[in-house]
Amino acid sequence: MKLLVTGGAGFIGSNFIYYEMEKHPEDALVCLDKLTYAGNLATLEPAMEDPKFRFVQGDIADGQFVEALFREEKPDIVVNFAAESHVDRSIEDPGIFLRTNVMGVQILMDACRAHGVSRFHQVSTDEVYGDLPLDQPDLFFTEETPVRASSPYSASKAAADLLVQAYHRTYGFPATITRCSNNYGPYHFPEKLIPLMITRALADQSLPVYGKGENVRDWLYVRDHCSAIDLVIRNGRPGELYNVGGHNERTNLQVVKTVLRELGKGEERITFVADRPGHDRRYAIDPAKIERELGWIPETPFEEGIRETVQWYLAHETWWKTILSGEYRNYFKRMYEDKGRGSL
Ligand code: NAD
Ligand code: TDX
């Protein structure tokens with residue numbers, strides 16, 4: 001079988017590529033990624049050694065390019081991770097979020113239909129449900145919770161989900177969707193809360209916490225998200241939506257303090273800064289459906305996952321330091337053009 005993984009040079013997509021290589025070494029993998037600021041080819045360096053892996057640089061929102069790639073590669077399954085993913089950036093500049101996260105999905109789905117792809121999987125987010133109040137801990141997002149997005153990012157992801165569901169209903173398009181809670185783990189871009197705190201704490205810089213740090217997120221180790229997607233693409237029912245989460249709710253302040261404890265650093269650099277506009281208060285996923293129907297179980301407790309994540313950042317300083325310095329953006333040129341491999 002051949003899988004096309006879009007957005008595989010980013011955080012979750014790259015973890016998914018490594019998960020699939022380990023779990024299904026018989027499958028071929030093609031990664032399509034535009035290499036925006038969030039994509040890092042160095043992340044995929046070990047994958048490049050595998051003859052069953054191919055990297056292609058390109059834009060999911062470029063119809064002609066996508067059509068040519070599908071004609072050439074004829075994938076059996078398409079898993080779409082490609083997205084603009086940072087809420088704060090969507091507040092600054094929503095346009096690119098609509099182009100990639102909505103139009104890109106339409107273009108991918110049309111190519112899937114034209115080329116008889118047997119499964120399209122859309123990687124979505126719990127943020128499409130909006131937020132929950134802080135004072136009702138018994139409330140959770142289920143698959144029946146109405147969509148009610150708060151940020152341009154979550155609105156673009158919600159729009160894509162509606163489009164995927166409409167394609168299933170109208171064309172019988174064989175699609176599935178997962179809506180996962182906040183992920184953490186290796187290769188997480190250091191603009192997001194946990195890697196931002198790790199890398200800034202290591203540099204003895206201030207640690208900016210929005211508002212009072214009371215907002216709650218439901219954290220899942222990235223490998224557990226990958227195992228959920230793997231189950232859904234192979235055993236999930238077309239047309240179905242699955243929530244993914246591990247019942248790991250923490251306030252942002254708790255998360256930051258846990259990271260600092262793991263690093264052996266004090267809390268004196270925590271700085272409370274202006275809140276994010278429209279800041280969602282609490283996310284909390286009810287994963288009963290995927291557990292019941294597909295037997296998915298999250299394996300990594302939060303304390304263990306944080307320990308592994310902190311260890312990973314300590315052991316991979318070059319990875320994040322080249323990102324912070326901007327040097328990673330030259331990687332492509334160095335590895336391909338300068339070595340006479342041409343531009344991909
Ligand atoms: P990321 O920002 O780390 O990676 C996104 C990747 O997509 C990058 O490699 C980028 O270069 C690529 N990309 C962006 N625009 C593209 C385009 N037009 N064409 C091709 N490639 C493009 O994001 P992530 O955190 O790995 O998230 C992956 C997916 O999972 C997203 O769809 C996101 O909405 C969803 N998600 C993320 C989380 C989370 O906690 N990070 C939780 C739930 C769902
Ligand atoms: O500097 C910061 N200080 C801070 O207090 C940053 C970057 C974040 N925060 C807060 C905002 C959030 O309440 O921490 C929480 C987590 O923030 P992010 O890491 O930006 O993640 P979030 O907004 O929750 O969205 C993430 O999870 C859902 C991903 O980025 C999305 O792609 C995914 O869909």
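Order of listing sets the numbers, starting from 1, for every ligand and every atom in it.
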Run the numbers for me: atoms of ligand 2, each under 4.0 Å from some heavy atom of [X], listed by number.
| X | answer |
| --- | --- |
| Tyr153 | 31 (C), 32 (O), 33 (C), 34 (O) |
| Val209 | 5 (O) |
| His86 | 20 (O) |
| Leu196 | 1 (O) |
| Thr125 | 28 (C), 33 (C), 34 (O) |
| Leu193 | 3 (N), 4 (C), 8 (C), 9 (N), 14 (O), 16 (C), 19 (O) |
| Glu127 | 22 (P), 23 (O), 24 (O), 25 (O), 26 (C), 27 (O), 28 (C), 31 (C), 33 (C), 34 (O) |

Quick one: does any side-chain atom of [X] pair with a main-chain N or O of [Y] as donor and acceptor, under 3.5 Å?
| X | Y | value |
| --- | --- | --- |
| Arg119 | Gly236 | yes |
| Thr6 | Phe81 | yes |
| Gln254 | Thr251 | yes |

### Query
Can you check whether Arg217 has an N/O within less than 3.5 Å of an N/O in ligand 2?
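Such a contact does occur with ligand 2.
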### Query
Yes or no on side chain to side chain donor-acceptor pair (under 3.5 Å) for Glu308 and Tyr221, after CA distance, side-chain angles and deciding distance?
CA-CA 10 Å; Glu308 283 182 21; Tyr221 194 59; 3.2 Å; yes
Nearest to [atom], what protein heavy atom do you find, and at what distance?
| atom | result |
| --- | --- |
| atom 21 (O) of ligand 2 | Asn182 ND2, 3.6 Å |
| atom 3 (N) of ligand 2 | Pro208 O, 2.9 Å |
| atom 17 (O) of ligand 2 | Arg276 NH2, 3.9 Å |
| atom 5 (O) of ligand 2 | Tyr210 N, 2.8 Å |
| atom 11 (C) of ligand 2 | His279 NE2, 3.5 Å |
| atom 29 (C) of ligand 2 | Ser85 O, 4.0 Å |

### Task
Test the Arg113-Tyr171 pair against the cation-pi criterion, namely NZ or CZ under 6.0 angstrom from the six-membered ring centroid and within 45° of the ring axis.
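The answer is yes, since Arg113 meets both limits relative to Tyr171.
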Counting the benzene-type ring for Trp, do [X] and [Y] have ring centres under 6.0 Å apart?
| X | Y | answer |
| --- | --- | --- |
| Tyr167 | Phe120 | no |
| Phe140 | His247 | yes |
| Trp312 | Tyr187 | yes |
| Phe11 | His188 | yes |

### Task
Look at ligand 2 and say whether Glu191 reaches it with a heavy atom at a distance under 4.0 Å.
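True for this residue.
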Can I get a per-line list of side-chain donor-acceptor pairs under 3.5 Å for residues 202-213, giving both atom names and the distance, sequence neighbours left out?
from, atom 1, to, atom 2, distance (Å)
Asp204, OD1, Lys265, NZ, 2.9
Ser206, OG, Arg200, NH2, 3.2
Tyr210, OH, Asp88, OD2, 2.8

### Message
Taking non-hydrogen atoms within less than 4.0 Å of ligand 1, which protein residues qualify?
### Response
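Shell around ligand 1 (4.0 Å, heavy atoms): Gly7, Ala9, Gly10, Phe11, Ile12, Asp33, Lys34, Leu35, Thr36, Ala38, Gly39, Gly58, Asp59, Ile60, Phe81, Ala82, Ala83, Ser85, Thr100, Val123, Ser124, Thr125, Tyr153, Lys157, Cys180, Ser181, Asn182, Asn183.
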### Message
In the structure I gave you, are the side-chain heavy atoms of Gln106 and Leu163 within less than 4.5 Å of one another anywhere?
### Response
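The answer is yes, as the side chains (C-beta and beyond) meet within the 4.5 Å cut-off.
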### Passing candidate, ring-ring contact (aromatic ring centres under 6.0 Å, His included) with Tyr184, options Phe189, Phe302, Tyr313
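Among Phe189, Phe302, Tyr313, the one meeting ring-ring contact (aromatic ring centres under 6.0 Å, His included) with Tyr184 is Phe302.
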### Task
For atom 14 (O) of ligand 2, state which one of Asn252, Val128, Asn183, Val256 supplies the nearest heavy atom.
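It is Asn252 that holds the nearest heavy atom.
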### Query
For Phe65, what residues pass the ring-ring contact (aromatic ring centres under 6.0 Å, His included) criterion, not counting sequence neighbours?
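Applying ring-ring contact (aromatic ring centres under 6.0 Å, His included) to Phe65 gives none.
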### Message
Please list all pairs meeting salt bridge (Lys or Arg N to Asp or Glu O under 4.0 Å) that have one or both residues in residues 137-158, counting only residues at least two apart or in different chains.
### Response
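Matches after skipping sequence neighbours: Asp131-Arg148.
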